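Throughout, protein chains are lettered first and strands after them, A, B, ... in sequence-line order, and every chain is numbered starting at 1. What you see is a predicted model, and the numbers here were worked out from it, not measured in a lab.
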Amino acid sequence: MEPILRIANLAVGFGSPVAPLWAVRGIDLEVCKGEILGLVGESGSGKSVTFLAALGLLGGRASRKGSVRFEGLDLLELGDRELTALRGRRIAMIFQDPMSSLNPVQTVGKQLVEAITLHRGLAGQAARGEARRLLERVGLSDPDERMRNYPHQLSGGMNQRVMIAMAIAGKPDLIIADEPTTALDVTIQAQILDLLVELVREEGASMVLITHDLGVVAETCDRVAVMYAGRVVEVGPVERIFARAEHPYTRGLLHCIPTLESDVPLRPIEGSVPDAAEIGGGCAFATRCDMVHDHCRSTSPSFLEIGAGHGAACFRVSA
Amino acid sequence: MNALVEAHCVTRHYPIGKRWPWRSPQILRAVDGVSIEIRRSETLGIVGESGSGKSTLAQIVLGLAPPTSGQVLFEGRPVSGVDTRTWRALRREMQLVFQDPLGALNPRRTVGRQIEEPLVIHGVGNPQERSAIVQRILDAVHLKKSLAGRYPHELSGGQRQRVVLARALILEPKLIVCDEPVSALDVSVQAQIVNLLADLKTRLGLTMLFISHDLRIVRYVSDRIAVMYLGRIVETGDRRSIFSSPQHPYSQALISAVPELRTSAGPRPRIRLQGEPPSPIFLPAGCRFRSRCGRATSICAEVEPELAPAGPTMVACHHPGPAIGAAA
């Protein structure tokens, strides 16, 4: 499959520009046309920072290396004006907390019309008509009433639907959804995930779904990339990863989650994620890995393709 | 007597929006007629979505929020409306573990002092004895003894939750109430804390009230489970029955909405609830779930269903039964 986004050797660091602390330490990742890619990892693994950096949303605070290619352009090379033209229109983002992404003192309608005017050049009646259509499309009843509402008058789930309407307003090719359902209740989460998948499939768009919940990945994604301490440690098709994960971290994660069907005891990963400052030259997972070698502590494993689109960064893996 | 805690038809109503003295205030019914019992050495899990009243129920059980009506008995004695001495004695018997360990800890005191504090308050032992107890409890929650001199910000999220747990356990309470104890933690750390809780419970014979919105974790730790919706218990039963053959349409939808890791069992029934829960201020007459329920009939609009045995569980529904379209 042809990639729509290709991240190559991306590193993102914070703090002193001379000696930054690297939150993302060189990752390669492709998003293919029409696929839903899940990006999982625990807090601090760099999953959000990767895409915030790629879209230039970290401002001057971050040092960036590597390249992020989107349709022949390197996003890291683009200026503010070119990026602004791309963001929202070609690449849309949906964030975790809709309440803090929406403007509390403007009606939902006004914010949505603004996005439509900006990305599609529609104005007046045409823009308002399109706004109503979008609100209906994301499953909100009584769109005329919703247009007049302020975000605080809507529930979290309804606000997230508004955010989704804004995200698809520009008919984007790629949607980055960063924990879009983490703040919602399970029954609402299920509704929102169903809606996102349906919209992406219908529009033929691609989506990156950033989440900490492997269950969400299992139910919505085609492929999954697992991040740990600023690296992608394993990538592969969802079925394959859940059936035979190769990286000890991925396997550990799968053993940490109880299921609704079996009573298999949980096997936690001992210890906690290392600080960016503590990571030396070796494998970042070596301190918690139960299959660790002396070798792992001194040398960082490179990413190895195992086959069928499945790859992992671990010395234990052989092609 | 087998039950450590009994709640008899407790309600907790909050008057809100009383802006004008001549207008009667609106009533938010956070908990509205709930009866539960927690048996000795069992874990009762409470699941429900935000606004279902599960945290308020925890506060009522602990006596921190006196019920508007109804009564909670701890070992047969009432929990609220008691004199100061009885109240203090009760505090030793029941402890609360909070969701956000950073918010529950004092940032300006070492964790050792905070773990010791309950002993000081209740006048247990002299400084040497207390220090020995703190050392033992640190060991029990798998924390290095050297951490006692650290401040909360120097610890990781998982270590902080262990500190909160140590502080709750140091007085050797009979009941601990865990309100979303692992929700703020990363998956790998969650599993550590869940296993620790389960281990401590067995070793110390604790009775536990475990509240969470995460059904997978509640199923893992609980013996019995109660499902709450808008201030009422809609279904209760042992953990296996609740998950393998739920009878209430809300429990069925809730369970089916949990995103599951793929298993060999094949696809699960997908039941999707339409819409969102009504406001707990303007509750519909009759069954509170009827606005989202596919089985609702005219009786549901008139009579509020009470918990009654249906199949393997107790259900508050006029039309209980296995999920439509579910595998037998």
Exercise. Should A:D263 and B:R219 be marked as a side chain to side chain contact (heavy atoms under 4.5 Å, CB included) after you check the CA-CA gap, both sets of side-chain angles, and the distance that decides it?
Worked result: CA-CA 9 Å; A:D263 292 324; B:R219 181 185 181 277; 2.9 Å; yes
Exercise. What heavy-atom pair brings B:V187 and A:E42 nearest, and what distance separates the two atoms?
Worked result: N-OE2, 3.6 Å
Problem set entry | Which portion of B:Q274 sits near chain A, non-hydrogen atoms under 4.5 angstrom | backbone
Exercise. Of all heavy-atom pairs between B:Y220 and A:P265, which one has the smallest distance, and what is that distance?
Worked result: OH-CA, 3.3 Å
For this session: Against chain B, label A:S272 side chain, backbone, both or neither, depending on which of its atoms sit under 4.5 Å from a heavy atom there.
Result: side chain
Seminar exercise, completed: Shortest non-hydrogen pair, A:S155 vs B:E276, comes out as OG-OE1, 2.5 Å
Seminar exercise, completed: Taken to the nearest 0.5 Å, the spacing of A:I269 CD1 from B:D186 CG works out to 10.0 Å
Seminar exercise, completed: When the 4.5 angstrom heavy-atom criterion is applied to A:S262 and chain B, the contacting part is backbone
For this session: May I ask you to check whether over 12 heavy atoms, not counting those of B:R272, lie within 6.0 Å of atom CZ?
Result: yes
Problem set entry | Any donor-acceptor pair under 3.5 Å from B:E260 side chain to A:L260 backbone | yes
For this session: Identify the two heavy atoms, one from B:R292 and one from A:I188, that lie closest to each other, and give their separation to 0.1 Å.
Result: NH2-CD1, 4.2 Å
Problem set entry | For chain B, the option from A:R267, A:H212, A:Q191, A:H255 that forms the most heavy-atom pairs under 4.5 Å | A:Q191
Seminar exercise, completed: Rounding to 0.5 Å, atoms OG1 (A:T187) and CD1 (B:I271) come to a distance of 12.0 Å
Exercise. If you count heavy-atom pairs under 4.5 Å with chain B, which of A:D194, A:L254, A:V273 comes out on top?
Worked result: A:D194
For this session: Check each atom of B:S50 against the heavy atoms of chain A and say whether the ones under 4.5 Å are side chain, backbone, both or neither.
Result: both
Problem set entry | Donor-acceptor under 3.5 Å (B:Q192 side chain, A:G271 main chain) | yes
Exercise. If you draw a 6.0 Å radius around CZ in A:R297, do more than 12 non-hydrogen atoms from other residues or ligands fall strictly inside?
Worked result: yes
Exercise. Can you name the closest pair of heavy atoms from A:V186 and B:E49 and give their distance?
Worked result: N-OE2, 3.7 Å
For this session: Might you work through the side chain to side chain contact (heavy atoms under 4.5 Å, CB included) test for A:R288 and B:S188, ending with a clear yes or no?
Result: CA-CA 11 Å; A:R288 306 173 76 188; B:S188 67; 3.0 Å; yes
Exercise. Any sub-3.5 Å donor-acceptor pair from A:Q189's side-chain atoms to B:A257's backbone N or O?
Worked result: no
For this session: Return yes if some donor-acceptor pair links the side-chain N/O of B:Q190 with the main-chain N/O of A:I257 below 3.5 Å, else return no.
Result: no
Exercise. So which part of A:V264 gets closer than 4.5 Å to some heavy atom of chain B, the side chain, the backbone, both or neither?
Worked result: backbone
For this session: Check A:E219 against B:V258 and note the closest heavy-atom contact, atom names and distance.
Result: OE2-O, 4.0 Å
